[in-house]
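Each remark here refers to the structure printed beneath this line.
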Amino acid sequence: MNKLLTTIFAVAVSCVTVSSLAQEIKGDAKAGETKNAMCIGCHGIKGYQASFPEIYKVPMISGQGDKYIVAALNAYKKGERKHPTMRSIAESLTDQDIADLAAYYSAHGAAAGAELPAKPAKEPGADVQALLNKANCASCHGANFSKPVDPAYPKIAGQHSDYLFVALKAYKTDNNPKVGRSNAIMAGMAKQYTNAELKLLANYLASVDGELKVIPQSKFR
């Protein structure tokens, strides 16, 4: 138990350190718009599907929190998120590039004055509510799953269900050189569930109104 607590504390300190370093670099949304050529071919096409490690819709990133985008790209860059394509893209980006892209996508398509309700309008069924309570998902991602308590955590409301399912399963994957996500806290949470339960969670979260969207680039419309 003490070993687990020590590991979680070390991860938390590491995350705070990375987040603090990232905050020293100010992102420029206009600059980010000129650097997104490698992003729009997947994230700028509605319904676009990835085929590794299985077929699923690529995540919506327009409207996602900037600090989370920074954290995610750095995780791919360092190999903490194992995805060959995303790692090669992240490795090609400087810290300033990452900050600029994060600034651009966090504001991309945001509607001025739009405010989500404090809690989802669509209530989960008793079975899904029990699953949400099991890991206390709202304690990190917010009661409406769009206002995470730490800006380095993702908004997950309305995200594609198949992507959420693949991402959650990745936290359960160990000792695979090409698949998996290294995050002690999320791994501990995800491993409490069967894959069938993770699919139920993903389906519900995808049905909740959120701020994430796909905004097709003009060349793909």
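Every value quoted in this text rests on a predicted model; they were computed, and no experiment measured them.
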Show, in sequence, the C-alpha distance, side-chain angles and deciding distance for V214 and I45, and conclude whether the side chain to side chain contact (heavy atoms under 4.5 Å, CB included) test is met. CA-CA 7 Å; V214 178; I45 303 176; 6.0 Å; no
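- Applying the salt bridge (charged side-chain N to carboxylate O under 4.0 Å, His left out) rule to K82 yields no partners; only residues at least two apart in sequence or on another chain are considered.
- Rounded to the nearest 0.5 angstrom, R81 CZ and N74 CG are separated by 11.0 Å.
- Residue pairs meeting the ring-ring contact (aromatic ring centres under 6.0 Å, His included) criterion with at least one partner in residues 130-180, sequence neighbours excluded, are absent.
- Judged purely by atom type and a 3.5 angstrom limit, D66 has no side-chain atom pairing as donor or acceptor with the backbone of A103.
- Under the salt bridge (charged side-chain N to carboxylate O under 4.0 Å, His left out) criterion, E211 pairs with K155, sequence neighbours left out.
- Legend: residues meeting side chain to side chain contact (heavy atoms under 4.5 Å, CB included) with K172, ordered by chain and number and at least two apart, are A190, K191, N195, L198.
- For T173, the side chain to side chain contact (heavy atoms under 4.5 Å, CB included) criterion is met by N176, V179, not counting sequence neighbours.
- For residues 54-109, the ring-ring contact (aromatic ring centres under 6.0 Å, His included) pairs, not counting sequence neighbours, are F52-H83, Y104-H108, Y105-H108.
- Here S182 pairs with E80 under the side chain to side chain contact (heavy atoms under 4.5 Å, CB included) rule; sequence neighbours left out.
- The main-chain N or O of P117 is found under 3.5 Å from a side-chain atom of N144 such that the two form a donor-acceptor pair.
- With a 4.5 Å cut-off on side-chain heavy atoms, K122 and V208 do not count as touching.
- Between the side chain of Q96 and the backbone N or O of K26 there is at least one donor-acceptor pair closer than 3.5 Å.
- Under the 4.5 Å side-chain criterion, counting only non-hydrogen atoms from C-beta, Q64 is not in contact with S106.
- In this structure, M189 and L168 have side chains that are not in contact, with every pair of non-hydrogen atoms separated by 4.5 Å or more.
- A distance of 5.5 Å separates SG in C39 from CD1 in I61, rounded to the nearest 0.5 Å.
- In this structure, L116 stands alone, with no Ile, Leu, Val, Met, Phe, Trp or Tyr side-chain heavy atom under 4.5 Å from its own, directly or through other members.
- For the residue pair G210 and S146, the shortest heavy atom distance occurs at CA-OG, 3.7 Å.
- Within the model, atoms CD1 of I156 and OH of Y204 stand 10.5 Å from one another, a figure rounded to the nearest 0.5 Å.
- Pairs of residues two or more places apart, or lying in two chains, that qualify as salt bridge (Lys or Arg N to Asp or Glu O under 4.0 Å) and include a residue from residues 91-114 are K35-D97, K35-D100, K77-D95, R87-E91.
- Listed by first then second residue, pairs satisfying salt bridge (Lys or Arg N to Asp or Glu O under 4.0 Å) with a partner in residues 37-56 read E54-K169, not counting sequence neighbours.
- Take K213 and apply the side chain to side chain contact (heavy atoms under 4.5 Å, CB included) test, not counting sequence neighbours, and it matches S62, I215.
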Would you tabulate the side-chain donor-acceptor contacts of residues 125-137 under 3.5 Å, counting partners in other chains and residues two or more places apart, or write 'none'?
| from | atom 1 | to | atom 2 | distance (Å) |
| --- | --- | --- | --- | --- |
| Q129 | NE2 | N133 | OD1 | 2.9 |
| N133 | ND2 | Q129 | O | 3.3 |
| K134 | NZ | Q192 | O | 2.9 |

